[in-house]
Number of protein chains: 4
Amino acid sequence: MRLPFGLDQLEDRAREHLSRGAQGYFSDAAYSDAAGLFTTARENEAAWQHWYLRPRVLVDVSEIRTETSILGTPTRMPILAAPCAYNAFAHPDAELAVARATAGVGAIHVVSTAASKPPEEIARAAAADRWFQLYSDIDAGKTDERLRMAEDVGFKAVVLTVDAPVGAPRYHGYPEQGFGPVATANVLDPGLEWGEVERIAKQTDLPLVLKGILHPADAILAVAHGVAGVVVSNHGGRQLDGAIPTAFALPPIVGAVDGQIEVYVDGGVRSARDVMRALALGARAVLIGRPYLWALAIAGEEGVRELFGRLCDELRNAMMLTGQVDVASIDRDIVVPRPGSSYASPER
Amino acid sequence: MRLPFGLDQLEDRAREHLSRGAQGYFSDAAYSDAAGLFTTARENEAAWQHWYLRPRVLVDVSEIRTETSILGTPTRMPILAAPCAYNAFAHPDAELAVARATAGVGAIHVVSTAASKPPEEIARAAAADRWFQLYSDIDAGKTDERLRMAEDVGFKAVVLTVDAPVGAPRYHGYPEQGFGPVATANVLDPGLEWGEVERIAKQTDLPLVLKGILHPADAILAVAHGVAGVVVSNHGGRQLDGAIPTAFALPPIVGAVDGQIEVYVDGGVRSARDVMRALALGARAVLIGRPYLWALAIAGEEGVRELFGRLCDELRNAMMLTGQVDVASIDRDIVVPRPGSSYASPER
Amino acid sequence: MRLPFGLDQLEDRAREHLSRGAQGYFSDAAYSDAAGLFTTARENEAAWQHWYLRPRVLVDVSEIRTETSILGTPTRMPILAAPCAYNAFAHPDAELAVARATAGVGAIHVVSTAASKPPEEIARAAAADRWFQLYSDIDAGKTDERLRMAEDVGFKAVVLTVDAPVGAPRYHGYPEQGFGPVATANVLDPGLEWGEVERIAKQTDLPLVLKGILHPADAILAVAHGVAGVVVSNHGGRQLDGAIPTAFALPPIVGAVDGQIEVYVDGGVRSARDVMRALALGARAVLIGRPYLWALAIAGEEGVRELFGRLCDELRNAMMLTGQVDVASIDRDIVVPRPGSSYASPER
Amino acid sequence: MRLPFGLDQLEDRAREHLSRGAQGYFSDAAYSDAAGLFTTARENEAAWQHWYLRPRVLVDVSEIRTETSILGTPTRMPILAAPCAYNAFAHPDAELAVARATAGVGAIHVVSTAASKPPEEIARAAAADRWFQLYSDIDAGKTDERLRMAEDVGFKAVVLTVDAPVGAPRYHGYPEQGFGPVATANVLDPGLEWGEVERIAKQTDLPLVLKGILHPADAILAVAHGVAGVVVSNHGGRQLDGAIPTAFALPPIVGAVDGQIEVYVDGGVRSARDVMRALALGARAVLIGRPYLWALAIAGEEGVRELFGRLCDELRNAMMLTGQVDVASIDRDIVVPRPGSSYASPER
């Protein structure tokens, strides 16, 4: 075991392996600051605790299925590696390590447009089904080039990020340490709208997933525009500070979509019990981001493999303890809201 | 008086008498960690405080009955010693001390399958009515042997633990101190289901109680399968982290059962006022666990006797102060939820 | 000015003037402890903050009436000195100082059965309308003697304490400092019930008030038994720990009583804004206890006079700022509950 | 950049530039104290966090309009400089710097009756549309003089403060540092009522805005009396401690007014996301107070200009991130309440 016993200690342990700059970059959230204000990044984590697990018992749990399929892609667990930029800040093997680790355990890797390694090289690192995260470019030609590349390289789905028409101001670290607000990426397209979603969908045979949906009305529009799935996400709290935590945004979206397309969720998922909560609330799968970067920083490919392995083991354990045998059909009523609001609100 | 004035200081005081290993073992909860995250073990305690006591006054309370019967077993108080494994970690007299102490004060002792002392020796320690906690074994023959033993030794009821088809990962202490995740016990039976409950019920004339019910649907199934009672329990937070605190799980189960069988509760009960809350919410009795282990560690048999004695005295006091004269018929409306709670309203 | 600028600093300042024993006695609450558990005494204070004040404006507030009558006794402010035992622990002048101070500012003094000074001496200290707090004695003869005395001395009302059929265990301080659980007073009558209330009412022409009502059903019984008023009180958290804070118990009682008798409240009232909240929620007046003991400890009679004077001035100010001109008819809708329940919950 | 990266650090940074007296004066709130009690000033800030932002996506946000008109006055942003007294405590250029800075960025400056500089001089500092905050005087003649002045100087609207019929006791600092309760200003008029509002309205052709409305009933009266707008305000927590935070008072007032007049809000607005929340809840604009005083203390005119510039930039960013293109028509349903109320409750 290369990671700490408690996965909640991952972030602290990772700090020993990260430069201040990398720490700042990965932990950063929109408008985050030294004073430790209430940010969406921290609320994402806390909000899952709003949902209590209420197990069923006396179910034969000797056979547990964590295997499922996502958009038709079979996977050994409903946990995906979220698209994270610049993995090289965490470890020199960067996305190559993540690719090998996820391939090894059978988890889907969603490769970022802003990866530290070229997609072709990532794809060659290990044979596996992968998805490609796409930033639409102001120049539609570039967007199409990326789509062509995704198809050529053999990605199985395209995940279009829709919550970044512009960057958000982020203040990681202090000027005396050489950091400042991150410049808004040039590539972002403030004109991205449903018409472009339709155009992109026509440009490719790959299933199209929209990442960054928080409002049920947008989920309904996604269904109407024929996309294959949506990721309920607030970009890990890195875009709009004050955005609703995904644990609260998820249920109304699941209700609005009503099974017509798949719904995934990311943001603050830090344990297999959080995965259970998300699935019980109607998600088909979850994406985890920062935790695998921390594992990558601590122990490279082996760390990432251990992380996904342990999450899958703990998910199996949590399924046994809640009387759920098939990850694709978790009972809805094994989660109940905390009375009032006394969940562990993040400290100021 | 051997115990601290305030019973809330028991745990701190007990630390002086316990090895780090024993502390770790007893205080441990699923996935617990050094960072002090909000776990079910701690939420169990806090959740009772959700319920305010709203006393009745001007009732003649010169005669108070804390005596009641539980499954027909008369007891001097509605407070049982919960089944706890390995009492020898707390004190060399282990379950023998607990047996004598509970016999002395007239509380029912529920003896664990994993006791440090053999059941026969515990039974010989002092004449009293006791119950036996049963882990169903993968090997049904072994389960039946335990049942025979329970009958032969003269236990008055069998308490089948149903929330442990598998162990949960626990991380008590740190590797450098020689601890690691506890291996899942071999004896646990992941195939335990209602059929086995029926089989066990047929194997014995002792009343059968199911321990580890949190979902009202399972309580209804328990009634349908003819069990005599259920213990609303999340295993002291030692199994599924994130499980609903029992103070919140209890009311809907009482409602679902509707008086057809007896309902007990454990988890975070730390004072006679918590006992009052549980009884007012519909429990027939409560089980306490860690507090008697702490008392055992501090002062052996005498400590356990003092603990139960004081809880009973304080229960009598709390009954006088709430105008309740008979512990078997506490008014429901002397507890009210803390404002803001959506819990007052029917189940979501 | 002898008291600190901020009245919230009274308790801290008073500590410099009180022996540890007196501090323990006055600050004490049922089951209170060093660990700072969630107690009713602290919740009483916090609960008033649940209610936001929502002022009316553009009302002519150049004439403000804080004067009112309570059970027909005219008073300069709707703030009474609650019956507190053993004022000599705070200051050698004890109840004589309180009597003079309250007489000086025109506030009603409710004298405790357990005063440090004889009632006759208190009455002689200054001419004023006073009430007498009565503990019913197991020996009805003694109860009647106290009633006779109350009439002879000229008290204007009798306040029968009904929430103390027995004492509660209190643990103030530690054995090494020479303190232990306070013995239950012998005088308390566990047989006190409505029949005795009726008997007492017949024994005297003084109006009878019941102190210690928390349940609306008891308030309705109080009306039926012809008492003149009730004090919504949990004995300052000194009796049943876990009892509902009076700021939450008050509104349903006001609703149940529906104007048929007067309703007062005590418990955690620490400022003129708390007084406003209580009045808006339907109380005719409030009683304050510990604050005047602190003021007494700090500056004797002068401190108590300053305290009531400042509370009355600040009440006048708060009335002006909420557009309320007559203390006897404060609008109900100038208080609104805090969304959900995030009022200042006491820290563990 | 002269201000700290995180605007939440403004107050801390400003302390280095302010005398203790000025710090006390600006940060002060009614009844505030060293012990850090729950005050309305702090609750104002926290209450905005009760409202989560729930963005819309896939809207073309390449053209964003932060420009709007307020009472017909065109403005580059829906953020006004609130009327704050004695700006000279922050910087020798005082209101002249604020006037130039707001003129430079196109924000409306509401000049206080109690400004450190004469209104005429402020008006001459830079050409811009400004409003005048009016305290009604006991002497109606003086009130009228101020109105004449406001017209002569060319102010575009009159903002009558209605929540100060009297001052509130404030305790900033300690006597040993030479501070004491602030004397109630002589100028305040406790007799101010709706009749005087009507009289003032007749005395001037300038639109009349009432500042200090918290109760929907008063907002309805404001409509009936023909005023042009209301500012939902609790005077920054400097008047009635315990008053409802404006983030909670705003929605019912918007509902009551139902579009008949404009509604503005101030109190605890500390970021562009707070501005978004206010606009989504129905405010036409917000006023900020302490933040510009802090910016003024740190860097004079340049600081204030930077502050408004950054707030406007961040508002534009937040609009892009929530799919809102026109500041005058923000969707209502992009804000949702936090489940229960566990918003960042100020620590005791």
Side-chain angles (χ1 to χ4, degrees), chain B residues 1 3-13 36 42 45-46 48-64 270-277 280 310-311 313-325 331 333-344, chain C residues 30-35 37-38 40 43 47 50 138 162-169 171-175 179-181 184 189-197 210 212-218 221-222 225 234 239-245 248-249 252 337-343 345 348:
Chain B
M1 203 157 68
L3 305 182
F5 283 127
L7 291 180
D8 57 292
Q9 293 162 34
L10 267 184
E11 183 169 11
D12 280 347
R13 195 66 64 86
R42 269 165 292 149
E45 297 186 19
W48 292 109
Q49 315 308 314
H50 177 76
W51 301 105
Y52 287 132
L53 291 166
R54 191 175 58 166
R56 298 301 304 263
V57 293
L58 292 166
V59 172
D60 181 346
V61 291
S62 39
E63 301 290 332
I64 291 288
R270 295 292 176 267
S271 71
R273 281 90 64 217
D274 291 346
V275 177
M276 283 293 295
R277 291 172 170 113
R310 281 176 57 185
L311 284 174
D313 286 350
E314 295 192 358
L315 177 59
R316 183 182 309 274
N317 184 271
M319 289 174 69
M320 293 178 81
L321 292 178
T322 50
Q324 307 298 314
V325 296
D331 289 339
D333 73 348
I334 63 159
V335 288
V336 286
R338 195 175 280 266
S341 152
S342 51
Y343 200 78
Chain C
Y31 306 86
S32 67
D33 59 79
L37 275 195
F38 226 35
T40 295
E43 291 221 6
H50 176 75
I138 299 183
V162 298
D163 60 5
V166 66
Y171 310 106
H172 52 100
Y174 295 93
F179 300 101
T184 300
D189 177 8
L192 180 64
E193 55 181 333
W194 288 103
E196 175 68 2
V197 171
L210 303 183
I213 300 290
L214 289 171
H215 202 295
D218 284 334
L221 286 173
H225 284 83
N234 54 31
Q239 287 286 90
L240 181 72
D241 187 58
I244 185 169
F248 297 138
R338 191 177 285 264
S341 67
S342 64
Y343 70 91
S345 56
R348 290 192 67 118

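Order of the sequence lines sets the chain letters (A, B, ...), proteins ahead of strands, with each chain counted from 1.
When heavy atoms are compared at a cutoff of 4.5 Å, B:D333 approaches chain C by way of both its backbone and its side chain. Neither the backbone nor the side chain of B:S271 has a heavy atom closer than 4.5 Å to any heavy atom of chain C. Contacts between B:V59 and chain C at a heavy-atom distance below 4.5 Å involve the backbone alone (N, CA, C, O). When heavy atoms are compared at a cutoff of 4.5 Å, C:A217 approaches chain B by way of both its backbone and its side chain.
Interface check for chain C: of the options B:E63, B:M320, B:M276, B:R277, the most heavy-atom pairs under 4.5 Å are formed by B:M320.
Comment: B:D8 does not engage B:R270 in a salt bridge, judged by the lack of any side-chain N to carboxylate O separation of less than 4.0 angstrom.
C:L192 is listed as a side-chain neighbour of B:L58, based on a closest heavy-atom distance under 4.5 Å. Between B:P55 and B:L321, every side-chain heavy-atom pair lies at or beyond the 4.5 Å cut-off. Taking the side chain as every heavy atom from C-beta outward, C:L210 and C:V197 approach each other to under 4.5 Å. Side-chain contact between B:V325 and B:M319: absent, with no pair of heavy atoms (C-beta onward) separated by less than 4.5 Å.
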